[in-house]
Amino acid sequence: MAKSKASAPAAGTAPAPAQPASKPKTGDGSPIRHLYLVDGSGYLFRAYHALPPMTRPDGTPINAVYGFCRMLAIHLDDPEVDHIAMILDAGRTTFRNQIYDKYKANRPEPPEDLIPQFPLIREAAKAFNVTVCELEGYEADDLIATYARLAVEEGGSCTIVSSDKDLMQLIRPGVDMMDPIKQKKLGPEAVMEKFGVTPDKVVDVQALAGDSTDNVPGVPGIGVKTAAQLINEYGDLETLLQRAGEIKQPKRREALQTNAELARISKQLVHLRDDVPAPADPDTFDKKRPDPNVLLPWLEQQGFKSLIAKYTKELGEATAPVAPAATAPLPPKKTEPMKPAPAAHAKPNRPFTTADYELIRDEAALDEWISEATKAGVVAFDCETDALDSNNAGLVGVSLALLDGPWGNVNSTRRRAAYLPISHRAPGGTKKAEAQGALDLGGADERADGDGKLLPDQLALETAIAKLKPLLEDPGVLKVGQNIKYDMCVFERHGVRIGPVDDTMLLSFVLDGGKHGHGMDELAERYLDHKTIKFSDVAGSGAKQVSFDRVPIERAMEYAAEDADVTLQLWAQFKPRLAHERMVTMYETIERPLIPVLLSMEQAGIKVDAPALKRLSADFEKRLGELEREIHKIAGREFNVSSPKQLGEILFDEQKLPGGKRSKTGAWSTDASVLEELANAGHPLPVKILEHRQLAKLKGTYTDALVRELDAKTGRVHTSYHMTGAATGRLASTDPNLQNIPVRTEEGRKIREAFIAEKGHKLLSADYSQIELRLLAHVADIGSLKEAFARGDDIHAITASEMFGVPVKGMDPLVRRRAKAINFGIIYGISAFGLAAQLGIGQPEARDYIAKYFQRYPGIRDYMERTKDFARKHGFVQTPFGRKIHLKFINDKSQGMRAFAERAAINAPLQGGAADIIKRAMIRLPQALKDAHLEARMLLQVHDELLFEVADQEIDKTKEVARTVMEGAAKLSVPLVVETGVGLNWAAAH
DNA sequence: TGCCTCACG
DNA sequence: GACGTACGTGAGGCAC
């Protein structure tokens, strides 16, 4: 393997070998069959980042050592392993520093709580009776290379326990690697995946690509991908450098020619020496049985209970008395502070049986229930309908549930629930057949013809409504529902304005947002230990599903009464927690009051120009057909352009275009960034694909779908807002989603133009300017940012000016763009990778920007650290208004999951705070408009924007009210600014 | 049903 | 000296 350069690297500069580099004299060990070489410090870093924080009873951090011991135990148990040693770095400077003084120069200090763990792994190795090897002047990697060579020369084989990519060059027949965390063997395939070349060419690739963590320079502008391509083409580095003049791309050619020497130095740095003086005979690395008198007391001192148990069983108790750990034990640190739900509440008051439920078949029974409910002061209720769309669904039945005793008596052991069937019909038609008729006919009542006759012994709809109305509107009776907005919508179409209400879904969201979902089935299982009857159990599923009015009444009762019953019991658990967990204000002043506001927005809907959408759709279809023909022509065969799988095969397997990335599942990635790169490289096919993708998306997701969503009765589109969908407190919009209507491209804006105002009206758009950045300046308390906002300055320009030291006046737009990307990155929990991708720059440059940013705004870094610490300690973060966002993975054992949760933790108070602010504005707006005698209606919310429909003559006044209310929705240490626009359509209002 | 892709803030 | 990458959503089409 190692060719000419094995001897090249500055033989004279290396410390003089103390012994010959060949195999030293034999010790007392046996010959090697299989040698395991553990990269000790490499493993320690891996384990440190992979495991959640742990401490010894005396407070010493211990997670990495624990991981190390677990790994050692596994290898010692492995019968394949007959020899094992741990290799360590002896010091920080090595012969490589003489070749290149900046080698590993930019390496940051290890994390604070890892440092005390370094000496402990030496102790650990000793306790487990494993030899430790190190050599002054060389890195552990060189020693590993040398021992690997010796093992193979002796006729044995070797496994290097490490995932350090720098060691991959050593893989060859007889030598492989093992990822110590994933317990996965790494062979030539893993090398090919990582470097795109065979193991013997790894050093050449690394020499070209360089390595920022080790500060290996490489050739600027060449990364691993390009390097692999070049090496595979030219065979090796030296040939490539000599023939660099043949390279077509001018930039690449120039880079290689001017940096040839840098590449050669880099190669010396990355190439591992396998001829260093081995400090011990590898035969002496034979696996030895640990001494229980050494191992057990040591494990005891660390508090590794599972390992103590394992080795006590295998080795027997320690026989010699041992000195106890010298340090005084401290109480262990808590790492899992999330409070479970109170145990007393984990069980239902009484087991669920249908015997608790009854049917309300006549007026007398209903009167009795209404009277009881009124006396109780709190009633859970739920309505069943024949469709999901609350704007059109017909009422099929109502269920009620009561606690025994006056309201507030949540500890009552008795409860009752009942179902009032109203519009059940004889079985017959399926849902699909039914939907056909529903379009032309009005309510459920008129659909009595055909096979579905109304069943007997049900109260008439009018009677039921008339009797329920006083109860549902009684200000002295609290109506509890699960997602009660839905029920309010249904009843409002029958002239009933339900109130006051509580919503178990919202209570759960306010208390436990981010911990879990808030659907009834999940809540019942989690808090009541009860599996609810599923809708599909009573109504069937798929094509055979029937609407609820076709479900037999007895069966319907079991399902429906259970819903009310469960709702009431959930309420009994959640409501007391509200005050206890200090979430009353959030619930009472933000979430609950928002219900009727959203309801009226959903009912209002927005007018859509259907003919325009249809024209657009036809136009898109025509162009899609043309594009498809062109694409097939270029590709040389027909295939489904909408199939990423087929497309990937065409591009990368058949046409062999460069730059293919694989996704997690191994499929070719064909997303926009990949296609754009190919397009920039001059390939014609990706350009057409991108265009096709865009049009197909617009047609499929918007033009066609929106026309389908038009409500036959109102001629408008009615979305529905979900209050508990986003953990941060944002709303979500579905059926259709009106929060992602295109706006960024020209073609897309044509769709937005189809959202229009009623005759004599205009659309008014009011949106918060930079609300999340303002919140950041506020919560992190950054003086200069706050002042800039107070002055009304261009915040991205100010950031750029302060970071790069350039004046705002006459600023290069590119500089401002970078600052803008960084500002957004900060809000998202910045990473060099993300920023690099966003700006299309290299990661080192991105890292540099981030460092500059934090240098200028250290307060923001402090804020981020504080936020993460808080999240780790409490399991949630909070917005300035008190909303809690739980981060269930913040102390996860996976480093990836923790990093993810940390970024979310940084983002959540900002995104959630912005959501709180606009919700506060939305709650005040209806009354403010009314007070100003304005008819304007609020139609849509898109996170930081509100859209109103306004009569022409009221535009100026409405604009003023909207701005005043929105800007006054929160009192922060920075001003809130709202920008408005007016137009005949939504695009024009921007 | 899971995955990929892409529309929005 | 490793890992996976910006935060939060919903919807449509494909492949299984």
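The figures here come from the full heavy-atom set of this structure, side chains too, leaving out hydrogens, waters and symmetry mates. Sequence lines set the chain letters: A, B, ... in the order given, protein chains first and strands last, and positions in each chain run from 1.
A/Asn740 comes within 4.0 angstrom of a base, heavy atoms only. Here A/Gly912 lies out of heavy-atom contact (under 4.0 Å) with every strand. At the heavy-atom level, A/Phe900 lies under 4.0 Å from the strands shown only through sugar-phosphate atoms. Among the heavy atoms of the strands, none lies under 4.0 Å from A/Asp767. Within 4.0 Å of A/Ala904, counting heavy atoms only, lie sugar-phosphate atoms of the nucleic acid but no base atom. Among the protein residues, A/Arg730 comes within range of the nucleic acid bases, having at least one heavy atom under 4.0 Å from a base atom. Residue-level contact check: A/Leu910 touches neither bases nor backbone, having no heavy atom under 4.0 Å from any strand. Within 4.0 Å of A/Ala667, counting heavy atoms only, lies no atom of the nucleic acid at all. Contacts of A/Gly825 with the nucleic acid, taken as non-hydrogen atoms under 4.0 Å apart, include base atoms. Nucleic acid contact class of A/Asp89 (heavy atoms, under 4.0 Å, all strands): sugar-phosphate only. Within 4.0 Å (heavy atoms only), A/Asp179 reaches sugar-phosphate atoms of the nucleic acid but no base atom.
Both geometric conditions, a ring-centre gap below 5.5 Å and a plane tilt below 30°, are fulfilled for A/His49 over the base of C/dA2.
Relative to the ring axis of A/Phe876, A/Lys884 places its NZ or CZ within 45° and under 6.0 Å from the centre.
At B/dT5, one or more side-chain N or O atoms of A/Thr670 fall inside 4.0 Å of OP1 or OP2 (strictly under the cut-off). Under 4.0 angstrom from either OP1 or OP2 of B/dG9 there lies no side-chain N or O belonging to A/Gln941. For A/Asn640 and C/dG13, the shortest distance from a side-chain N or O to OP1 or OP2 is not below 4.0 Å. The phosphate of C/dG1 has neither OP1 nor OP2 within less than 4.0 Å of any side-chain N or O from A/Arg46. Distances shorter than 4.0 Å separate some side-chain N or O of A/Ser643 from OP1 or OP2 on C/dA15. A sub-4.0 Å separation between OP1 or OP2 of B/dG9 and a side-chain N or O of A/Arg744 is present. Neither OP1 nor OP2 of C/dG12 sits under 4.0 Å from any side-chain N or O of A/Thr701. Of the side-chain N and O atoms in A/Ser733, none sit less than 4.0 angstrom from OP1 or OP2 of C/dG10.
The aromatic ring centres of A/Tyr849 and A/Tyr853 sit 6.0 Å or more apart.
Using N1 to N3 plus N6-O4 or O6-N4 for Watson-Crick, or N1-O2 and O6-N3 for G-U wobble, each under 3.5 Å, C/dA2 pairs with nothing.
Counting all heavy atoms, side chain and backbone alike, A/Asp89 lies closest to A/Ala140 at OD1-N, 2.7 Å.
By the 30° and 60° cut-offs, the orientation of the rings of A/Phe824 relative to A/Tyr828 is tilted.
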